[in-house]
Amino acid sequence: MRRFRRLRTGIAMRDLVRETRVDRKNLIYPIFVAEGEQIRKPVDSMPGVFQYSIDTMEEILKQIAASGISGLMIFGIPAHKDEQATSAYDPNGITQRAVRQIKERYPDLLVIADVCLCEYTSHGHCGVVCGHEIVNDSTLPLLAKMAVSLAQAGADIIAPSDMMDGRVAYLRNALDEAGFVNTPILSYSAKFASAYYAPFRDAAESAPGFGDRKTYQMDPANGREALREIEDDIEEGADLVMVKPALAYLDVIRAARDRFDLPIAAYNVSGEYAMVKAAAANGWIDEERIVMENLTAIRRAGADIIITYHALDAVKWMEKR
Ligand code: PBG
Ligand code: ZN
């Protein structure tokens, strides 16, 4: 008889043979920074997550820096939205100002800047709208302006999440021309049109005003197409690629891990967080154990980097172990 249980006899033995670990350096914490002052607004659907303004964000930055995680992902919420998303590439826009201040105060924290127009457009779509169409090619120059202005503000990594075709090559070229040859691109390569983003759209005030995102984000049914998206982004010059959401797409993470050799990020998205928090608040699950199991599963599937709203809690739980 094979006695698998020999290696499960105690904590030390199990620690010795554990195949997968979650390290704080694998984690990135997303933050929401809104235009205005004295804002500390809870996001109802994401308990524990707040919108801050630049003058109040120190509270969360301090926690991020103290936690020892690798960095943060920033989402700006502008006061002004229009058809051309002008606040997205304003050198003095909310996101640019926030990035500048974060890098001034915390130069060692990696700041990943999400590049997408949906928080900045009056219609809430990720690209330029003509009639009811989201027009791919007229969106690219705006994304490029946004990416360059965020690099100028000090962003360490540029992360396009818009799902327009050809944007990685376009952004690479724009960054290079502006002198940012050393700024990496983390592409949201396999981003699915998911119901799991709903709480984020409350947090970032970015729900589309008409229609949905299914003409640019991927069909959740398509695993092979995800690999083609990733392959294309790598050819276009992505330095890191992402699969999003994470938990319902672990097969995609695994397939990408087996096929590609560059770093893979997984975004443990708002809806995944909200479900855990809701069940935990009801006492139906053990939040700590569920979160650590989920993060471990994402790592086991093959992700190097996990972007997660659980990051700060997870670090506290790791410290106890
Ligand atoms: C912007 C963007 C979204 C998320 C990250 N960047 C929302 C969307 O595409 O609707 C979702 C993140 C989350 O749900 O936590 N395009
Ligand atoms: Zn978007």
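Since this is a predicted model, take the numbers as computed values, not measurements. Counting convention: from 1, in listed order, for ligands and their atoms alike. Along the sequence shown, residues are numbered consecutively beginning with 1.
With ligand atoms numbered from 1 in the order given, ligand 1 contributes 12 (C), 13 (C), 15 (O) to contacts under 4.0 Å with heavy atoms of Tyr309. Less than 4.0 angstrom separates some heavy atom of Tyr267 from each of these atoms of ligand 1: 12 (C), 15 (O). Listed by number with element, the atoms of ligand 1 under 4.0 angstrom from any heavy atom of Lys191 are 1 (C), 2 (C), 3 (C), 6 (N), 8 (C), 9 (O), 16 (N). Atom numbering of ligand 1 starts at 1 in the shown order; those under 4.0 Å from a heavy atom of Ser161 are 1 (C), 2 (C), 6 (N), 16 (N). Listed by atom number, the atoms of ligand 1 under 4.0 Å from Lys244 heavy atoms are 2 (C), 3 (C), 4 (C), 5 (C), 6 (N), 11 (C), 12 (C).
Under the 6.0 Å distance and 45° angle rule, Lys62 does not count as a cation-pi partner of Tyr106.
Under the 4.0 Å criterion applied to side-chain N and carboxylate O atoms, Asp15 and Arg18 are assigned as salt-bridge partners. The residues Lys191 and Glu229 are annotated as not salt-bridged, no charged nitrogen and carboxylate oxygen being separated by less than 4.0 angstrom. In this structure, Glu59 pairs ionically with Arg40, as a charged nitrogen and a carboxylate oxygen lie closer than 4.0 Å. With respect to Asp156 and Lys103, a salt bridge is recorded, a charged nitrogen being found less than 4.0 Å from a carboxylate O.
Atom CG of Asp114 sits about 9.0 Å away from atom CD1 of Ile307, to the nearest 0.5 Å. Atom CD in Glu19 sits 9.5 Å away from atom CZ in Arg300 (nearest 0.5 Å). Summarising the geometry, atom CD1 belonging to Ile74 is positioned 6.5 Å from atom CG belonging to Leu72; distances are rounded to the nearest 0.5 Å. Rounding to the nearest 0.5 Å places CE of Met46 at 10.0 Å from NZ of Lys277.
Within the 4.0 Å heavy-atom criterion, neither part of Asp162 lies near ligand 1. With a 4.0 Å heavy-atom cut-off, ligand 1 is reached by the side chain of Cys116 but not by its N, CA, C or O. If you look at Cys118 next to ligand 1, the close heavy atoms, those under 4.0 Å, all belong to the side chain.
Scanning the protein heavy atoms around atom 14 (O) of ligand 1, the nearest turns out to be Ser270 OG, 2.7 Å.
Donor-acceptor pairing under 3.5 Å is lacking for the side chains of Ser122 and Asp82.
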Original post:
So Lys41 and Glu205, salt bridge (charged side-chain N to carboxylate O under 4.0 Å, His left out) or not? Walk me through it.
Top reply: CA-CA 12 Å; Lys41 188 178 165 202; Glu205 301 175 9; 3.8 Å; yes
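Identified under the ring-ring contact (aromatic ring centres under 6.0 Å, His included) test for residues 17-44, with sequence neighbours left out: Phe32-Phe75, Phe32-Phe200.
Of all protein N/O/S atoms, those under 2.8 Å from the Zn ion (ligand 2) are Cys116 SG, Cys118 SG, Cys126 SG, and waters are not counted.
A heavy-atom separation below 4.0 Å is found between Phe75 and ligand 1.
Between Ser206 and ligand 1, no pair of N/O atoms sits closer than 3.5 Å. Below 3.5 Å of separation, one finds no N or O of Glu119 facing any N or O of ligand 1.
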